[in-house]
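Notes for the one structure printed next.
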Amino acid sequence: MRTPFTELVGCRVPIQQAPMGTISSPDLAVAVAEAGGVGTLTALGLPPAVLLRRLDEVRARTSGVLSANVVTPDVDDGLLTAVAERVRLVDFFWFDPAPRLVERAHRAGALVNWQVGSTAEARAAVDAGCDVVTVQGVEAGGHVRGATPLRTLLREVLDAVDVPVLAAGGISDGRSFAEVLAAGAAGARIGTRFLATPESGAHPAYKRAVVDAAGDCTEITGAFAVGCPLCATSPRARVLRTAVERLAEVDDDVAATIGRDRVPVPRGSGLPPVAGVEGRLDAMALYAGAAVGSVGDVRPAAEVVAELVAAVERPTVPGSTG
Ligand SMILES: Cc1cc2nc3c(=O)[nH]c(=O)nc-3n(C[C@H](O)[C@H](O)[C@H](O)COP(=O)(O)O)c2cc1C
């Protein structure tokens with residue numbers, strides 16, 4: 001599948017697996033990159049040496065296209081250079097486009113993608129030198145930058161900029177993927193659908209909650225802002241509504257523990273439940289996009305990619321028998 005995005009970054013399929021903090025595990029990035037999309041790791045919360053080692057390990061496991069996500073403007077120059085030397089795409093989100101950071105990533109040989117929540121921000125990203133812009137609709141899971149529905153924002157941004165544009169937010173099946181491509185997007189950035197894969201770092205109970213979710217069952221909240229650097233500037237994240245309801249039932253300051261050392265996870269923490277968490281997982285930050293209802297199973301990331309691609313290459317004709 002060729003689009004201006006695949007041509008630019010060198011992947012075979014116009015799909016970027018969204019960065020999802022601890023959920024976007026090395027296994028998930030490798031699986032998506034091997035399937036022809038862009039596999040993504042997040043810098044957030046990792047000591048620099050660990051991040052660089054992880055990028056090297058992932059790099060050694062796939063010859064596919066990788067990106068690395070940075071969500072804080074105070075990223076160290078040397079670290080940004082080292083990250084950009086290891087991936088095809090450096091991926092920024094949650095702060096104003098910064099020409100200095102774009103230039104540094106370019107100088108180290110990477111392309112730059114900036115996820116935006118408004119048309120003005122998309123223009124600023126292109127003015128800052130970005131090679132790709134991702135428009136994030138309000139339907140997106142996790143931290144939500146803007147307030148505009150994806151289709152409206154995509155249309156406006158396509159009119160406003162001349163770089164490849166990825167669409168993000170509520171794309172979780174072949175139909176929605178085909179729709180954004182037909183609307184002019186050069187690809188899609190997908191989070192929630194990839195959460196329900198064996199390769200993701202999500203706790204099995206979190207994957208089950210995503211699969212079981214149906215209908216209009218998410219909301220944007222500031223309830224999970226404890227220890228979250230993104231919420232420090234704007235506490236807006238889309239989660240399963242049940243998580244907000246269950247949080248209200250938790251009286252303790254600690255909602256859960258993590259790992260063999262049982263490190264406490266405070267009530268209202270921005271950390272989603274990963275493997276190894278024990279306690280009130282149902283009252284933790286269960287980030288999920290508005291289209292979570294159409295995620296019907298946990299299946300390998302390569303199958304997710306293949307299914308999305310098939311929907312575009314072999315669209316089902318209504319009423320056809322074959
Ligand atoms: C569990 C989860 C964690 C996320 N964490 C990040 C992150 O660390 N950095 C980032 O740029 N975006 C993050 N996002 C937002 C994604 O970049 C993207 O906008 C979103 O997943 C698209 O919507 P969808 O989940 O409906 O596909 C996260 C999304 C989810 C679901």
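Both counts, for ligands and for their atoms, begin at 1 and track the order of listing. If you're wondering where the values come from, they're calculated on a predicted model, not measured in any experiment.
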Check your understanding: Is the His143 to Tyr287 ring centre distance short of 6.0 Å?
Key -> yes
| message | Any donor-acceptor pair under 3.5 Å linking the side-chain atoms of Glu34 with those of Thr62? | response | yes
So side-chain hydrogen bond (donor to acceptor under 3.5 Å, both in side chains) across residues 171-195, not counting sequence neighbours, yields Gln16-Arg189, Asp91-Arg189, Gln115-Arg189, Arg151-Glu179, Ser172-Ser294, Asp173-Ser176, Arg193-Asp297
When rounded to the nearest 0.5 Å, the distance separating CH2 of Trp114 from OG1 of Thr134 is 12.0 Å
Shortest non-hydrogen pair, Cys11 vs Gly37, comes out as CB-O, 4.1 Å
**Asked** Is Asp253 salt-bridged to Arg280, cutoff N-O under 4.0 Å?
**Response** no
Close residues (non-hydrogen atom under 4.0 angstrom from ligand 1) work out to Ala18, Pro19, Met20, Gly21, Thr42, Asn69, Val71, Phe93, Gln115, Gln136, Ala140, Gly141, Gly142, Gly169, Gly170, Arg189, Ile190, Gly191, Thr192, Leu195, Tyr206, Tyr287, Gly289
